[in-house]
Number of protein chains: 2
Amino acid sequence: MVFAESIQKKFPGFEAALTEQMELDAKFRQIPAGTELMRPGQFIRSTMLVLDGLVKVYREDGEGNEFFMYYLKPGDGCALSMTCMVGQETSNIAAKTVQDSEIIMVPLEKMDAWMNQYKSWYHFVVKTYRDRFEELLQTLDSVAFRNMDERLEFYLKRHYKTLGSKIIPITHQEIAQELNSSREVISRLLKKMAERGKVKLNRYNIEILDL
Amino acid sequence: MVFAESIQKKFPGFEAALTEQMELDAKFRQIPAGTELMRPGQFIRSTMLVLDGLVKVYREDGEGNEFFMYYLKPGDGCALSMTCMVGQETSNIAAKTVQDSEIIMVPLEKMDAWMNQYKSWYHFVVKTYRDRFEELLQTLDSVAFRNMDERLEFYLKRHYKTLGSKIIPITHQEIAQELNSSREVISRLLKKMAERGKVKLNRYNIEILDL
DNA sequence: TTTTACCAGTGATATAAGTCACTGTATCAG
DNA sequence: CTGATACAGTGACTTATATCACTGGTAAAA
C-alpha cells in the first residue's frame with residue numbers, strides 16, 4: 001500500500017479504490033534525467049502519470065526541427081498518449097525527462113475500462129484533455145501571432161512558472177531549438193531583454209528579474 | 001422518430017437508445033451560412049454535432065488576427081465545446097457556418113451523463129478529442145516549421161479534401177486572413193503555383209489542378 | 001448609365017529572422 | 001599545463017514576409 005499512498009499524495013483527487021487498482025495494474029518507474037520516454041513514430045501502449053520530476057513534451061518533424069509544447073509536472077498526465085490509444089498514428093511527438101522522475105505507466109486497455117468504473121479517473125482524463133488543449137492553443141497563438149521577442153518572453157515565463165525558480169538553467173542553443181529559431185537570434189533578443197532589465201544573463205543560465 | 005433516424009444516418013456509430021435520448025434532450029437547429037455559432041469569450045453551455053453543412057472553427061486574438069483551425073463536417077462533433085465544459089475559460093475560439101447547416105445542440109450536463117450510459121457516445125467523444133488534437137498538431141507543425149508557400153499548399157489541400165471539390169470558392173483576402181498573412185503575399189504565391197501548373201486562378205475561386 | 005465596392009496584380013520598400021564567419025572565454029580531459 | 005570543446009557575442013549579409021501605394025477589372029447598387 002505504500003505505492004497507493006504515494007499516488008494519493010500527488011493525485012489527491014483519486015478515490016482509494018482507484019489507487020489500489022493502480023497498484024495492481026500500473027507500473028511504477030524511476031527514470032533518470034535526460035531519458036527519452038517517447039520517440040516520434042513509436043507505438044504507444046500505455047499512458048503515463050508523473051509522480052515526481054519533470055517531463056518535457058515536444059514536437060519533432062523529420063528534418064531535425066523540434067518544438068517545445070509543454071511540461072508535465074507531478075500530478076499531470078499525458079493527454080497525448082491517451083489519444084494515441086488506437087496506436088495507429090505515428091504522431092511526431094517526443095517526450096524526455098528533464099529531471100530524475102517517477103512515472104506511473106498505465107496500460108491503455110485499463111485506461112478505457114477505468115473510465116466507467118472510477119469517476120475520479122474520468123474527471124482526471126477529461127481535465128487533462130482540457131488543460132493540454134488549452135495549452136496547445138496558447139502555443140499555437142504565440143507562434144501564429146507573435147514575434148520572436150514576445151515568444152521568448154512567453155517561453156521564459158512558462159519555465160519560470162513550471163520550475164518555480166527565477167534561475168532558468170538553459171543555454172541559448174537549447175532555447176533556439178525549442179522555439180525553432182537560431183542561437184544568434186536568441187542571443188541578440190536576450191541581450192535586448194537584459195538591457196531593458198528584464199533578465200540577467202549568466203553562463204549556462206538565465207535569471208529572471210522582471211517579466 | 002424522424003429526428004432520431006436522421007441522426008442515425010449521419011452518425012452510424014450511435015446506438016438506438018442514444019439517438020432516442022437525443023431526441024428528448026438535444027435541440028435541433030437549422031442555421032444559415034455565415035452565422036457565428038461561437039464568439040471568443042462567450043460562455044458555452046452546450047456542445048454541437050454537425051448533421052449537415054459545414055462549420056469553420058478558427059482562433060481569434062484581441063487584435064483582429066484570426067487563424068483557421070479546422071472544419072466540422074456532417075458526422076463531426078466540436079471537441080472544443082466539449083472541453084469548455086467548466087464554462088470558466090474564455091478560449092479565444094470562434095465558429096461560423098460556411099454553408100447552411102443543421103446542428104444538434106447537446107447540453108453539457110447531458111454530455112457528461114451519457115458518457116457512462118452509452119458506449120457509443122463515449123467512443124465518439126474520445127475519437128473527437130483524438131482527431132481534433134491530431135489536426136491541431138498538424139496545424140501547429142505547419143505554422144512552426146513551414147514557409148508560407150508550403151502552408152498555402154497545405155491549406156488548399158485541406159479545403160479540397162473537406163469540400164470534395166477541385167474548385168475552392170474563396171478570395172485571396174480570406175486565405176490571407178486564415179493563414180494570418182496578407183493578401184499581396186498570398187496573391188504572389190498563388191501566381192507562382194499557377195505558373196507551375198498546380199492551380200488555376202479565377203475570380204472568386206481557385207481551381208486545383210495538381211497538388 | 002454611372003457610381004461604388006470589392007477583387008486581383010504588381011513594383012518599391014521595410015523589417016524580422018535566418019545564416020555565415022569569426023572571436024573570446026570558460027570548462028574539462030589528457 | 002595544454003588542447004579540445006561547448007557556450008556566448010557580434011558584424012555582415014540574405015531571405016521571407018509584410019507593408020505601402022497604386023492600377024485595372026468586374027459586378028452590383030444607385
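Protein chains get the first letters and strands the later ones, always in sequence-line order, with residue 1 at the start of each.
- When the P atom of D:dA27 is taken as reference, atom OH of B:Tyr204 falls 7 Å away, rounded to whole Å.
- Rounded to whole Å, the distance from CD on B:Gln177 to P on C:dA8 is 13 Å.
- Going from atom CZ of B:Arg151 over to atom C1' of D:dA16 covers 12 Å, rounded to whole Å.
- As a whole-Å value, the separation of B:Leu152 CG from D:dA16 P is 15 Å.
- Under the 30°/60° scheme for interplanar angles, the aromatic rings of B:His159 and B:Phe68 are found to be tilted.
- Using modelled atom types, one finds no donor on one side chain facing an acceptor on the other under 3.5 Å when comparing A:Glu178 with A:Tyr58.
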Protein proximity profile, nucleotides 15-24 of chain C - base contact B, sugar-phosphate-only contact S, no contact -, cut-off 4.0 Å on heavy atoms: --SBBBB---
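- A side-chain N or O of A:Tyr122 and one of B:Asp112 form a donor-acceptor pair less than 3.5 Å apart.
- Rounding to whole angstrom units, CD of residue A:Glu174 and P of D:dA6 are separated by 13 Å.
- In this model, the phosphate group of C:dT10 is approached by a side-chain N or O of B:Lys191 to a distance below 4.0 Å at OP1 or OP2.
- A cation-pi contact, defined as under 6.0 Å to the ring centre and within 45° of the axis, is absent between A:Arg158 and A:Tyr71.
- Checking the phosphate oxygens (OP1, OP2) of D:dG9, a side-chain nitrogen or oxygen of A:His172 falls inside 4.0 Å.
- Between the side chains of A:Arg29 and A:Thr35, no donor-acceptor pair is found at a separation under 3.5 Å.
- Separating the CD1 atom of B:Ile186 from the P atom of C:dA8 is a distance of 12 Å, rounded to the nearest angstrom.
- Atom pair B:Asn65:CG and D:dA18:P shows a separation of 11 Å (rounding to whole Å applied).
- Atom CG in B:Leu190 sits roughly 15 Å away from atom C1' in D:dT17 (whole-Å rounding).
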Side-chain donor-acceptor pairs under 3.5 Å in residues 185-194 of chain B, sequence neighbours left out?
unit_1   : atom_1 : unit_2   : atom_2 : d
B:Ser187 : OG     : B:His172 : ND1    : 2.8
B:Ser187 : OG     : B:Arg183 : O      : 3.4

